[in-house]
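All values below come from the heavy atoms of this structure, side chains included, with hydrogens, waters and symmetry mates left out.
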Amino acid sequence: SLSDPSLPSSPLKGQTDPPTVPICELYPSAVFPKGEECEYPPSKDGRSAAWRTTHEEKRVLDKANEEMWSDFRQAAEAHRQVRNYINTWIKPGMTMIDICERLEDCSRRLIKENGLKAGLAFPTGCSINHVAAHYTPNAGDPTVLQYNDVCKIDFGTHINGRIIDCAFTVTFNPKYDRLLEAVRDATNTGIRCAGIDVRLCDVGETIQEVMESYEVEIDGKTYQVKPIRNLNGHSIGQYRIHAGKTVPIVKGGEATRMEEGEVYAIETFGSTGRGAVHGDMDCSHYMKNFNVGHVPIRLPRAKHLLNVINDNFGTLAFCRRWLDRQGESKYLMALKNLCDLGIIDPYPPLCDTKGSYTAQYEHTILLRPTCKEVVSRGDDY
């Protein structure tokens with residue numbers, strides 16, 4: 001049935017506390033919980049999309065991709081259980097390094113990390129306050145989570161390169177509740193609006209309308225929540241977190257349409273600042289350029305580092321902590337060399353104005369032939 005209210009919820013029978021049992025062992029039949037299945041929105045001329053759910057050809061197509069949908073569902077169940085676990089212990093006074101390492105340890109266990117076949121899809125983002133995205137601590141970073149922080153937890157899991165990209169915002173001070181509500185509502189609006197043949201610009205316009213309908217009062221000052229106009233959702237490919245299409249969160253985007261069989265990360269960011277971000281601070285996130293061919297490398301250390309990256313991450317994003325974890329050291333010059341050659345791209349933290357607050361919510365959706373599946377949906381958000 002569509003929009004089944006009994007969404008998969010954690011912790012599951014058979015799971016330990018803290019969670020240690022891999023998802024594939026919790027579901028030995030390899031039938032993993034589905035996300036939220038929704039009917040597609042009616043088309044512009046008002047025609048219903050309900051026919052897709054029963055259409056024979058669409059059902060056959062859906063079945064043909066069952067293995068792929070199943071990989072996404074396994075990764076999504078790991079994501080749900082990890083984030084439920086995090087929410088039991090994350091608190092002010094913890095270092096960001098400790099938070100990320102605890103999260104990643106749990107995530108590696110539940111996804112049953114196995115080379116490039118199963119693992120973490122990208123570094124744990126834990127961007128704070130005016131930093132909206134792409135911050136994870138490097139070794140030696142002393143940053144501690146504070147009671148008044150607004151922290152975006154953005155982490156990914158994958159099975160066979162089928163990536164779940166899903167994020168939420170953690171706060172302790174209730175003064176931010178309305179900001180979080182605005183962004184959650186905007187993300188859910190984007191999810192509702194998304195569908196086969198829907199224009200990306202229309203999704204962006206709807207998101208902006210909802211986000212800007214919220215006013216929030218923080219410390220006696222009133223803000224209209226602004227969507228961060230140069231951040232957006234994106235299509236997801238196999239081993240490719242950004243597969244070429246962007247889902248804007250403001251009006252005026254491209255008129256390109258979403259297509260059957262595509263997978264999207266629908267994410268929105270709301271800000272009390274300018275509503276635009278720029279790269280700043282120490283870089284921690286890096287990713288191999290997906291389209292890069294063979295580039296001759298002269299420096300032996302750069303050659304070695306690229307081999308380590310190819311073997312462990314392929315075209316998935318990684319961070320400096322993960323290189324340290326592989327036993328690499330004194331690699332910064334080599335890493336810079338690979339960036340200068342265009343083989344690796346750096347993704348520095350993205351910041352709005354200092355003193356502003358930014359929040360994020362994100363889900364991965366599957367545009368299946370028969371229905372739209374919000375595969376990373378949980379009973380938390």
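Under the 4.0 Å criterion applied to side-chain N and carboxylate O atoms, Glu254 and Arg199 are not assigned as salt-bridge partners. Using a 4.0 Å cut-off between charged nitrogen and carboxylate oxygen, Arg257 and Asp197 do not count as a salt-bridge pair. Salt bridge absent: Glu39 and Arg52 never bring a charged side-chain N and a carboxylate O closer than 4.0 Å. Using a 4.0 Å cut-off between charged side-chain N and carboxylate O, Glu181 and Arg178 make a salt bridge.
Residues Ser271 and Asp352 approach most closely at OG-OD2, 2.7 Å, considering heavy atoms. Across Arg80 and Pro33, no two heavy atoms sit closer than the pair NH2-O, 4.1 Å. The two residues Pro137 and Cys100 have their closest heavy-atom pair at CD-SG, 3.7 Å. Contact detail for Cys319 and Thr136: the closest heavy-atom pair is CB-CG2, 3.8 Å. For Thr187 against Ile266, the heavy-atom pair with the smallest separation is CG2-O, 3.7 Å. Among all heavy-atom pairs drawn from Pro174 and Tyr147, the shortest one is CD-OH, 3.7 Å.
Between Leu323 and Leu305 the shortest side-chain heavy-atom distance falls below 4.5 Å. Here the side chains of Met258 and Glu262 are in contact, with some heavy-atom distance below 4.5 Å. When side chains are defined from C-beta on, Thr206 does not count as touching Lys251, because their heavy atoms never get closer than 4.5 Å. Counting only heavy atoms from C-beta outward, the side chains of Thr157 and Ser107 approach each other to under 4.5 Å. Contact check for Leu26 versus Gln81: side-chain heavy atoms found under the 4.5 Å cut-off. Using a 4.5 Å heavy-atom threshold, the side chains of Glu104 and Leu120 count as touching. Counting heavy atoms from C-beta outward, Met96 and Val144 have side chains that stay 4.5 Å or more apart.
Taking the six-membered ring where tryptophan is involved, the planes of Phe318 and Tyr286 are essentially parallel, since the angle between them stays under 30° and well short of 60°. The aromatic rings of Tyr381 and Tyr361 sit perpendicular to each other, their planes meeting at more than 60°, with 30° as the lower class boundary.
Residues passing the side chain to side chain contact (heavy atoms under 4.5 Å, CB included) test with Pro18, sequence neighbours excluded: Tyr85. Scored by the side-chain hydrogen bond (donor to acceptor under 3.5 Å, both in side chains) test, Thr353 finds no partners at all (sequence neighbours excluded). Contacts of Ala139 classified as side chain to side chain contact (heavy atoms under 4.5 Å, CB included), with partners at least two apart in sequence or in another chain: Asp324. For Lys175, the side chain to side chain contact (heavy atoms under 4.5 Å, CB included) test picks out Asn148, Asn173, Ile218, Asp219, with sequence neighbours left out.
Judged purely by distance below 3.5 Å, without hydrogens or angles, the side chains of Thr189 and Arg192 pair a donor atom with an acceptor atom. For Asn188 and Arg377, the side-chain atoms include at least one donor-acceptor pair closer than 3.5 Å. Using modelled atom types, one finds no donor on one side chain facing an acceptor on the other under 3.5 Å when comparing His79 with Ser376.
Distance alone, capped at 3.5 Å, is enough to place a donor-acceptor pair between the Lys226 side chain and the Gly273 backbone. Checking side-chain atoms of Asn87 against main-chain N and O of Arg83 turns up a donor-acceptor pair under 3.5 Å.
Distance check: Glu215 CD to Gln224 CD gives 7.0 Å after rounding to the nearest 0.5 Å. Expressed to the nearest 0.5 Å, how far CE of Met68 lies from CG of Asn160 amounts to 12.0 Å. Expressed to the nearest 0.5 Å, how far NZ of Lys112 lies from CD of Glu25 amounts to 4.0 Å.
Annotation for Lys58: atom NZ counts as buried by contact number, over 12 foreign heavy atoms lying within 6.0 Å. For CE of Met94, the number of neighbouring non-hydrogen atoms (other residues, nucleotides, ligands) closer than 6.0 Å is greater than 12.
Counting only residues at least two apart or in different chains, salt bridge (charged side-chain N to carboxylate O under 4.0 Å, His left out) contacts with residues 131-147 are absent. Within the structure, the salt bridge (charged side-chain N to carboxylate O under 4.0 Å, His left out) test picks out no pair touching residues 265-285 (sequence neighbours left out).
By the criterion of side-chain heavy atoms lying less than 4.5 angstrom apart, applied directly or through intervening Ile, Leu, Val, Met, Phe, Trp or Tyr residues, Val263 is not grouped with Val198; the two fall into different hydrophobic clusters.
A ring-centre distance under 6.0 Å is not found for Phe155 and Phe122.
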